[in-house]
Amino acid sequence: MANQELTQAPNFIRAIVEEDIKTGKWGGRVVTRFPPEPNGYLHIGHAKSICLNFGIAAEYGGTCHLRFDDTNPTKEEVEYVQSIQEDVKWLGFDWGEHLYYASDYFEQLYDCAVRLIKKGSAYVCDLSPEEIREYRGTLTKPGRESPYRNRSVEENLDLFARMRAGEFPDGARVLRAKIDMASGNINLRDPVMYRILHAHHHRTGDKWCIYPLYDFTHCISDSIERITHSICTLEFEDHRPLYDWFLDELQVYHPQQIEFARLNLTYTVMSKRKLVALVVEGHVRGWDDPRMPTISGMRRRGFSPQSIRKFCEVIGLAKRNSTVDVALLEHCVREDLNRCVPRAMAVLRPLRVVLVNYPEDQVEQLEAVNNPEDPSMGTRRVPFSKVLYIERDDFREDPPKQFYRLSLGREVRLRYGYYITCVGVVKDEHSGEVTELHCTYDPETRGGSSPDGRKVKATLHWVSAAHAIEAEVRLYEHLFLVPNPGEERGGDFKEDLNPKSLVVLDGCMVEPALGDARVGSVYQFERQGYFCLDPDSSPSKPVFNRTATLRDTWAKIEKGMQRSSS
RNA sequence: UGGGGUGUCGCCAAGCGGUAAGGCACGGGUCUUUGGAACCCGCAUUCGGAGGUUCGAAUCCUCCCACCCCAGCCA
C-alpha cells in the first residue's frame, strides 16, 4: 500500500492492458496513440484522451505516438498541427521520436488498396454520391449492390490507377470495399475507401488527387505503427467490425480497438461544430478566449497543466455517456493553484479609505507571506500609508446579521497591517453613494495582532493608494446559463449563452509587486480568487484574467438570506 | 422482428456471487491574520423494473423499460 498514491484508479481499459501484459498477448509491449485530425483546436475532451493514451503508455512502460489523421486536405491546416503539438506538450506529454502523419502512409495505403482489389475485396464504383446513398438503404432496409460491384480485377486495377493518375474529376468514382450490402451495420455496406479530391494537402502538396477515408486509413496506420491498444470514443464502436475486417483481409498486424465515453462538461459545449460557431460568430474572442473549454483558452485563463491532468484522472473512465459537473474542474484548479501560486492583494472595486490619525507622509513596508501553504516561497514587502483602497463589498452601511466586515463604528484587521475602526462615511451629495471612509488605526496592532489580545472578526485586503498599480481585471463566469446548453429548452445552444460570462473591471488597484508579473503567471488575489496575467497586458497596464474564484462562504450565506427573504 | 452500446447517491465512479469504495456537490462542526486552505462528522438497507437461480445477487438467467450512437465520397 506504500505506493497507493501512485496507483491510478482502476478502469476497464487499464484492466485490459494489465490482462494483456499478464498473458503476453503483445509480448509485453504497450503502444498507444493519440490521433487528432488537424482541423481545429484541442479541448478538455481531447485532454481526457491524451492523458489516457500517454498515461497508460507511461504507466506500463510503453510508448504513445502522436499521429495526425490528415486524410482530408479540405479541412486541415498547418496552423492546427502546430497548435495541437503545442497543447500536448504544454499538458506535459512527450511523444519523443514518435510523431507521425497518416499522410506519411499514403503510398502504403495505396498498396493495401491494390492488394484488396487483387483479392476481389475492393472495387471501383461509378455511382454518384447521391446514388451511393440511395443504394445504401436505410437503418431498417438493407442496401442494394452497386452495378459496378462485379467488375473484373483487371478493370478495377486499371480504373484505380487512373483515379490516382488524375484522369477523373472529383466525385466521379470511388474505391469501395466489397463486404455486405445487407449488413445490419451500415458501415459494412461496401464502405468507400478512397475518393477523388483534387485538393492541395498541407504535407503532400499536389502529389495525390485521391485520398483514403478514415476507416481504411486508421486501422492500417495503427498496424504499421504496431499499436497494441487503439483507444477511441464510443461512436466508433460500430466501426470496429470494419477496422477488424480490413486488417483480417490484409492479414497484417492487428491491434485491438477499445472504445470509451467522451467527456461532456456542464455549462459549456464541446463539439467542434459548436466551438467553431462561437468563434466565427464572435460570441467569444477566439479559440483561446479564456471562456472556451479549449486547451489554449484554459491556458490563457490560468489553468495549470497539472490541474487538468488531475481532473482527467479524477473523472474516471467508462463506457456510459456522462456529463461531469464543471465544479469538479474548478475544484481541481483551486486545489493545485492553492498549493503552488503566490498570494497578492488586489482591490477590484476600490473604496478610498483615509486613516485620519496616520502620519501624513509616512510609508511603512509591511511583511506579507507569499504562500501560507508553502513557507519556502518566502515573504515580500507591501507599502502601507495614510490613504488606502479596500473592496467596496467589504463595507456596509447597514450590515446584515452575519456580515462581520467593516461598517461605521466597527473594527477590522487589514491583512498584515493594522486594526482600523470606521469613524466616518463620506457620501456623494447627489447619488448618496459612499465615496470615502474615514478610519482610525491602532498603532499597537502593527502586523495584525493586538497586545491586549483583542479579537476582530474580519480581515480585509487592501492596497496603498499612492503605490497601487492600476489594472484591468476580466471576470469570467460559465459561458452558458444552463448545465446542458441547447438541451434544456430544446432550442439553439446559443440562446443559453451567459451575457455576463465576461465582465471587465477597469480601475482595479493592485499591489506594486504585481508590476513584476509575467504573462501567464498566476496569483491568488487574497480573499478573491486566482488571476492570470493576460497577453493583452501592457507595461503601463496589466490585465488579469480570473481563473477561478475562491470558495466563498459569505456569498453562500448572502444567497441563502436572499432566498429566505423573497 | 436493422445494428451497436449503456443503465450503481444531485454529478462522476469503484464493484466481477459473500452482504454498496472514493471524489465533487450538499449539510453540520473544529481551526484560522484569506468568511481561503486544512481537519472532523453526515450523506444509496440499496444498485433502471419485474421475475428466477442460490444459504447468499449490483454481480448469474429470463423478460421488460429508458437513454445514447449509426443511413459523409467527415473523423
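Hydrogens, waters and symmetry mates play no part in the numbers below; they use all other heavy atoms, side chains included. Convention: sequence-line order gives letters A, B, ...; per-chain numbering from 1.
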To the nearest angstrom, the CE-P distance between A/Met181 and B/rG2 comes to 19 Å
Would B/rG72 be called syn or anti here, given the cut-off of 90° from 0? syn
Mind checking A/Thr71 for me? I need base, sugar-phosphate or nothing, with any heavy atom below 4.0 Å counting as a touch. sugar-phosphate
When rounded to the nearest 0.5 angstrom, what is the spacing between CD1 in A/Ile196 and CZ in A/Arg164? 13.5 Å
Base of B/rG3 paired with side chain of A/Asp238 (donor-acceptor, under 3.5 Å): yes
Return yes if the base of B/rG35 and the side-chain atoms of A/Arg527 contain a donor-acceptor N/O pair under 3.5 Å, otherwise no. no
Counting the atoms with a prime plus P, OP1 and OP2 as sugar-phosphate, which does A/Arg415 contact under 4.0 Å by heavy atoms, base, sugar-phosphate, or nothing? base
Give A/Arg240 one of three labels, base, sugar-phosphate or nothing, depending on what nucleic acid heavy atoms sit under 4.0 Å from its own. nothing
With a 4.0 Å cut-off on heavy atoms, is A/Lys556 in touch with a base, just the backbone sugar-phosphate, or nothing at all? sugar-phosphate
Using a heavy-atom cut-off of under 4.0 Å over every strand shown, decide if A/Val174 touches base, sugar-phosphate, or nothing. base
Give the rounded distance in Å between these two atoms: NE2 of A/His218 and P of B/rA75. 11 Å
So what does A/Ile315 hit on the nucleic acid, given a heavy-atom distance under 4.0 Å: a base, only sugar-phosphate, or nothing? sugar-phosphate
